[in-house]
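Below is one structure; the comments refer to it alone.
When reading the values below, keep in mind they use all heavy atoms of this one structure, side chains included, and skip hydrogens, waters and symmetry mates. In what follows, every chain begins at residue 1, and chains take the letters A, B, ... in the order their sequences are listed.
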Amino acid sequence: MNHDFQSFDFRCKFGSKYFPYPIFTASGCASSGKELSQFFPLNEIGAVVTNSIALKPRSGRATPSMAETPSGMLNSIGLQGPGIDQFLEDDIPWLLSHNSRVVVSISGETVEEYASLARRLRVVPGLSGIEVNISCPNVENRGMVFACDPVASRAVVEAVRRNIGGELPIIVKLSPDVTDIVAIAGEVISAGADGLALINTLLGMAIDIDAQRPKLAGKTGGLSGPAIRPVAVRAIYQVHAAFRNTPILGMGGVTNGRDALELIMAGASAVSIGTANFGNPSAPIKVKEELEVLLKERGFNSVNDAVGVAHEK
Amino acid sequence: MNHDFQSFDFRCKFGSKYFPYPIFTASGCASSGKELSQFFPLNEIGAVVTNSIALKPRSGRATPSMAETPSGMLNSIGLQGPGIDQFLEDDIPWLLSHNSRVVVSISGETVEEYASLARRLRVVPGLSGIEVNISCPNVENRGMVFACDPVASRAVVEAVRRNIGGELPIIVKLSPDVTDIVAIAGEVISAGADGLALINTLLGMAIDIDAQRPKLAGKTGGLSGPAIRPVAVRAIYQVHAAFRNTPILGMGGVTNGRDALELIMAGASAVSIGTANFGNPSAPIKVKEELEVLLKERGFNSVNDAVGVAHEK
Amino acid sequence: MTAINRRATQSDVEIISNKKVGAYHHMVFAAGAMAAYAKPGNFVAISVGGPSSSMILRRAFAIYRASDRGQYGGTIELVVAPHGQGSRWLTSLDIHDRVNMVGPLGTHFGIPTEPVSALLVGGGYGSAPLFGLAEILKERGCRVDMLLGASVAGKIYAPLEGKRSVNSLTITTEDGSTGLSGKVTDVLPSLIEKNRTEIIYSCGPMGMLAAVQEVSQKFDTLHQCAVEESMACGIGICMTCVLPVRDESGVIKMTRSCIDGPVMDGERVIWNSHRRIPEGTWGA
Amino acid sequence: MTAINRRATQSDVEIISNKKVGAYHHMVFAAGAMAAYAKPGNFVAISVGGPSSSMILRRAFAIYRASDRGQYGGTIELVVAPHGQGSRWLTSLDIHDRVNMVGPLGTHFGIPTEPVSALLVGGGYGSAPLFGLAEILKERGCRVDMLLGASVAGKIYAPLEGKRSVNSLTITTEDGSTGLSGKVTDVLPSLIEKNRTEIIYSCGPMGMLAAVQEVSQKFDTLHQCAVEESMACGIGICMTCVLPVRDESGVIKMTRSCIDGPVMDGERVIWNSHRRIPEGTWGA
Ligand SMILES: Cc1cc2nc3c(=O)[nH]c(=O)nc-3n(C[C@H](O)[C@H](O)[C@H](O)COP(=O)(O)OP(=O)(O)OC[C@H]3O[C@@H](n4cnc5c(N)ncnc54)[C@H](O)[C@@H]3O)c2cc1C
Ligand SMILES: Cc1cc2nc3c(=O)[nH]c(=O)nc-3n(C[C@H](O)[C@H](O)[C@H](O)COP(=O)(O)OP(=O)(O)OC[C@H]3O[C@@H](n4cnc5c(N)ncnc54)[C@H](O)[C@@H]3O)c2cc1C
Ligand SMILES: Cc1cc2nc3c(=O)[nH]c(=O)nc-3n(C[C@H](O)[C@H](O)[C@H](O)COP(=O)(O)O)c2cc1C
Ligand SMILES: Cc1cc2nc3c(=O)[nH]c(=O)nc-3n(C[C@H](O)[C@H](O)[C@H](O)COP(=O)(O)O)c2cc1C
Ligand code: FES
Ligand code: FES
């Protein structure tokens, strides 16, 4: 097939916002963007998704906070960051001045913290979206992770929705560590999510058999990288099958264009690159370029036409 | 340290049964043992855990039922097997006549099927244990996997316990695809499990971007191999922390002695070798030999002394 | 059968030659005793990617030739298409590199006790096991015709010394770049008629084998084919390589192609059953 | 600083030499322009394991030498200990093999503007970046003494041409197999006194650096050390390499050792904080 004369539509859409490319960075895997800008112009990708930002400064967890595993890694960074005030002062202006589209990831320990973060972001001009990381321990409920509890998940999303106003799309990021991810997705969609981010890391652990204790100071950590891609594809496929109209930002072990297309065919409207950035700082641009070639080779005129096609055969 | 004069105790114990070595095969990854016996004597390992056997013959699922993934694989074998009658006639006598210790894995679609299987096995002499695979769809509850539902899990184990009599240890195999594996473990222990097998495969999927459909004919499959080891270690650690007195048969991505020791230090009393057999038919014996060296190097006089040591530091 | 090849062993073997031939690599391994027991149709399973590989499963390769004497002791030769990650890694290895090999595995082609007229049909690298078979058939006094097909000329594997052992060699390519233009099944009927073929031996992609079986059935010839299902273990323990096969008593069972194959009776295989279990299969 | 080395680039570089030296491999890479910007203390990050590797993270290596002229254009030299999977893979490569390298990364050793008396302390392969530093210090008219320690003789990396650029070289090994028997910190005080050391530069295991800082503090010398935390990215985006460091205003912050290090002011680092966040850390 010859599509040379047709224009190729690489856009994706979450809520009311269009993004020119369907490749984003993954939260926590691009710091606040500055460092990667040395390897490619940030406006060449769909958006930078920032590290999850909390209300207050956070030191994160002690080292070692990283362990390599087969085709993956564990991390227990624990959301190190400067807190929302300094973040809005330093990082956001820098990103916007470099023409980067910005999706701010937020994390809280109570429903009220999420609400406060939403109120702070509501008044910031130039943002493209908000990603709500609900894989955080809920201090009001014995530290149980919000994303593992449908009621708490719903409460967070309702609070953010109420406080963010109408413009900014809300993408809610789910954990795969649940019995029924479709049920959680249903709750957060009905609570007002414009899109879903799938998947966060899997809870894992590695043990140092010489020191005879967990490798990570924080004992458990989040498993990411190519090892978890089959779980990501499955979660995206299941959720897309149930909620065709809710766009999904897919992630989990994407390192090249083929991986990205796998997530897209499963139902993702766009794809975030996380751990792959550590192995290859130009991964997002590489994935984007490869994806464009793969889509065109297969006769797609837009990335949107490829979203979820694996459901049809 | 010099431990040459001390005898090394390599035994492990489930219920009332001792096994001379803490290395087993994993269900579904050694067929019924015959094939592996060409690469090592089966009585050189703790036990052969058979493929999960159902009441009736099962054709399994259509091919492709396998896809390699980074440091892992997906399978959707679907418990192909001859049914309990032919199994007891052919496979069990062969294994027993070759001095292999045998743990029979059973699977059912209803609680009553598990009960019937237990009744059949109760009268078979020479068995060393029964592994109850509850990662099977429950036809009486919309196909929801037993292992994902605490009530159904309990019902299965109670039924098996009632029907098996007092002798044969019951090892219940759990799925990691749940929000709270410790809660499920608690249910099956209080229902009468003598031990737990952790972990079964993770639900995953891979998509063929050329055919634009799932690679597996059965769409989803179980993810196994080194990719999932961090999830196995975490699950074992969590469950051992909660139930120190219940022995765990650990599995998930073990390919060498170091991996096995990792699971043991997390809390496993013995370790099953699954996917690694496909890449290396002498994997169980290799793991066993390496494990013995590693334990002795670290001054352990028995494998039991190493169980769960990572909890103490 | 339903038992692993009792000659199978596992060992680290050295590569003693690796040459590009058309689209393929002809590779020779110093396989020691393993070579002595290899028969045409058998295969080997090789670990790929090295010690820190993300590829955890073995790759199966049909044995092209095996010889149990010579400078290096026993040798096993393979014809490898650099297709995906694993085969590209294998073909990129140098002389003296070592790989872990399990073999010989699976069933082998049955040799008729009488001298018959045999037609050997190969698709792509599927020709590999047919040359050793041709030699044996010739020794038994058979007439041996060979028919090889591929998409393009570079994918026809037919070395000179191999050609010597056949009475006739016909080649087809889909793009006509060498031999006749078309598929093997286009010329198969006329070859059967001309050579009064009594048995067909085939090896190649599953679609080709199914088509050969159709023709074979029409002419009522015997047909032994070497199937190629994806295999995770190659030794009968994973059940990923099954395909529906009718047994002696007529029951269709999902059968392991690694131990009850790869060589199977074409008539017994239920063809075109990809992605579904045929109705009436035992246990379905 | 808190910004990635602005000279950092990513490219595939060719190995032009790989020689075993004691317990290490001395490796030379044709790194082109990357070499021109490398300063003592900087490091590079290399992908390991090849295209189908299960190792997804880069490995960091201190630059031993960099030269921007010569037969191969710019070259970067490393001293690599074949320790685990990744470094064993790297050291097993042949000449002409290529690896993907990002560099130069991180901070470099600060060079005093006046000629001072400097003592360079290296543990194991930690001596690597010190030789290039010694040359520069000598050019600036400094007195340069060097103290190298390791567990055994084979782990002392001290090539002949390197030794030439120092005023004195002291070696300690824990087993006494070469040089003095003991640890570097056993002889450090006497060397400082004898040479009237004004600044210490150190590179080696974290435990050694902490011990050097203690001595340095006692003698009130300056101390620049190159720390070695495990790093997943090397470019400041993963936060796995943080350690607690007191900033100019006295606040302790978890600081990335890949971009605000590896070279840090020894006095600012909160030592012995493995597996815990020190009290009073910002955001703790
Ligand atoms: C009995 C048998 C004999 C074979 N003989 C030869 C031979 O002589 N020469 C040769 O070049 N190849 C042969 N193959 C195919 C070979 O085993 C590999 O599948 C092929 O080299 C592709 O592997 P890869 O790692 O390069 O590709 P990848 O795409 O990376 O393979 C990924 C996975 O898919 C499986 N797979 C992919 N394609 C096939 C296929 N067509 N058949 C089976 N499994 C597949 C692989 O086993 C692997 O698990 C044979 C296969 C079988 C089963
Ligand atoms: C700034 C810096 C400079 C370094 N310079 C050198 C050098 O000049 N020569 C040299 O031989 N090595 C150096 N290292 C160590 C090197 O990066 C590798 O960690 C080491 O080679 C072990 O990797 P491996 O893959 O062989 O071992 P593995 O045990 O397989 O490594 C597994 C993981 O642990 C991490 N890791 C293990 N040990 C260490 C360690 N001691 N420090 C940091 N991370 C570790 C690795 O990065 C990897 O992610 C340096 C590390 C850093 C951070
Ligand atoms: C070091 C690291 C830090 C992360 N931090 C965050 C975070 O702050 N917020 C969040 O929502 N996800 C975080 N994640 C999860 C990633 O955004 C992503 O969901 C996950 O890693 C799967 O994608 P990947 O395999 O491409 O990395 C982090 C992951 C890693 C590896
Ligand atoms: C091909 C295949 C078939 C399996 N069949 C079964 C089975 O019949 N019953 C069962 O309980 N687990 C089955 N499993 C799961 C394994 O027993 C094991 O729990 C899992 O694969 C994790 O271990 P591993 O990574 O060592 O393979 C199967 C796994 C594979 C790969
Ligand atoms: S390939 Fe494993 S049973 Fe055939
Ligand atoms: S190594 Fe990633 S931030 Fe320093």
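In this structure, C/Ile63 and C/Val44 have side chains that are in contact, with non-hydrogen atoms separated by less than 4.5 Å. Between C/Asp12 and C/Val99, every side-chain heavy-atom pair lies at or beyond the 4.5 Å cut-off. Proximity of B/Asn51 to B/Leu79: side-chain heavy atoms (C-beta onward) are nowhere separated by under 4.5 Å. Residues C/Leu78 and C/Ile46 meet the side-chain proximity criterion, which asks for heavy atoms closer than 4.5 Å. Two residues are said to be in side-chain contact when any heavy atoms from C-beta on lie closer than 4.5 Å; C/His223 and C/Tyr201 fail this criterion.
Between chain C and the options B/Gly28, B/Pro64, B/Ala54, heavy-atom pairs under 4.5 Å are most frequent for B/Pro64. Ranking B/Ile77, B/Thr25, B/Thr255, B/Thr63 against chain C, the residue ahead of the rest is B/Thr63, based on heavy-atom pairs under 4.5 Å. Among B/Arg58, B/Lys56, B/Glu68, the residue making the largest number of heavy-atom pairs under 4.5 Å with chain C is B/Glu68. In terms of heavy-atom pairs under 4.5 angstrom with chain C, the leader among B/Arg61, B/Gln38, B/Met73, B/Gln80 is B/Gln38. For chain B, the option among C/Ile235, C/Ile237, C/Thr240 with the highest count of heavy-atom pairs below 4.5 Å is C/Ile237. Ranked by heavy-atom pairs under 4.5 Å with chain C, the first of B/Gly72, B/Gly78, B/Gly83 is B/Gly72. If you tally non-hydrogen atom pairs under 4.5 Å between each of B/Ala227, B/Gly60, B/Gly225, B/Ser71 and chain C, the highest count goes to B/Ser71.
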Side chain to side chain contact (heavy atoms under 4.5 Å, CB included) for B/Ile106 and B/Leu121? Distances and angles first, verdict last.
CA-CA 10 Å; B/Ile106 59 170; B/Leu121 291 170; 3.5 Å; yes
Please lay out, stage by stage, how C/Gln213 and C/Cys225 fare under the test side chain to side chain contact (heavy atoms under 4.5 Å, CB included).
CA-CA 9 Å; C/Gln213 173 55 27; C/Cys225 54; over 6 Å; no
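Residue contact with chain B, scored on non-hydrogen atoms closer than 4.5 Å, involves the side chain of C/Glu229 exclusively. Heavy atoms of C/Val102 lying under 4.5 Å from chain B belong exclusively to its side chain. Of the atoms belonging to C/Ser230, heavy atoms from both backbone and side chain fall under 4.5 Å from chain B. At a 4.5 Å heavy-atom cutoff, the contact between C/Arg59 and chain B is made by side-chain atoms alone. For chain C, the nearby part of B/Pro226 is the side chain; its heavy atoms alone come within less than 4.5 Å.
No side-chain N or O of C/Asp265 forms a donor-acceptor pair with one of C/Gln224 less than 3.5 Å apart. For the residue pair C/His108 / C/Asn42, no side-chain donor-acceptor distance below 3.5 Å is found, with atom types taken as modelled. Side chain to side chain, C/Glu228 and C/Tyr125 meet the donor-acceptor criterion of an N or O pair below 3.5 Å.
Note that CD1 of B/Ile53 and CG of B/Asp91 are 7.0 Å apart. Values are rounded to the nearest 0.5 Å. Within the model, atoms OG of B/Ser107 and CD of B/Glu131 stand 11.0 Å from one another, a figure rounded to the nearest 0.5 Å. In this structure, NE2 on B/His98 lies 8.5 Å from NZ on B/Lys34, to the nearest 0.5 angstrom. Here NZ of C/Lys183 is found 12.5 Å from OG1 of C/Thr173. Values are rounded to the nearest 0.5 Å.
The shortest non-hydrogen separation linking C/Ser177 to C/Ala153 is OG-N, 2.8 Å.
Inspection of non-hydrogen atoms places no residue of residues 201-211 of chain B under 4.5 Å from chain C. Interface with chain C: from residues 216-223 of chain B, residues B/Leu216, B/Ala217 qualify, criterion being any non-hydrogen pair under 4.5 Å. Within residues 272-289 of chain B, the residues having any heavy atom under 4.5 Å from a heavy atom of chain C are, by residue number, B/Thr275, B/Asn277, B/Phe278, B/Gly279, B/Asn280, B/Pro281, B/Ser282.
In this structure, C/Ser54 has no side-chain hydrogen bond (donor to acceptor under 3.5 Å, both in side chains) partners at least two apart in sequence or on a different chain.
Sparse packing is recorded around CG of C/Asn272, with 12 or fewer heavy atoms of other residues, nucleotides or ligands lying under 6.0 Å away.
Checked options B/Leu42, B/Asn43, B/Val104; the residue passing with B/Val48 is B/Leu42 (criterion: side chain to side chain contact (heavy atoms under 4.5 Å, CB included)).
Using a 30° and 60° split on the angle between ring planes, B/Phe24 and B/Phe19 fall in the tilted class, from 30° to 60°.
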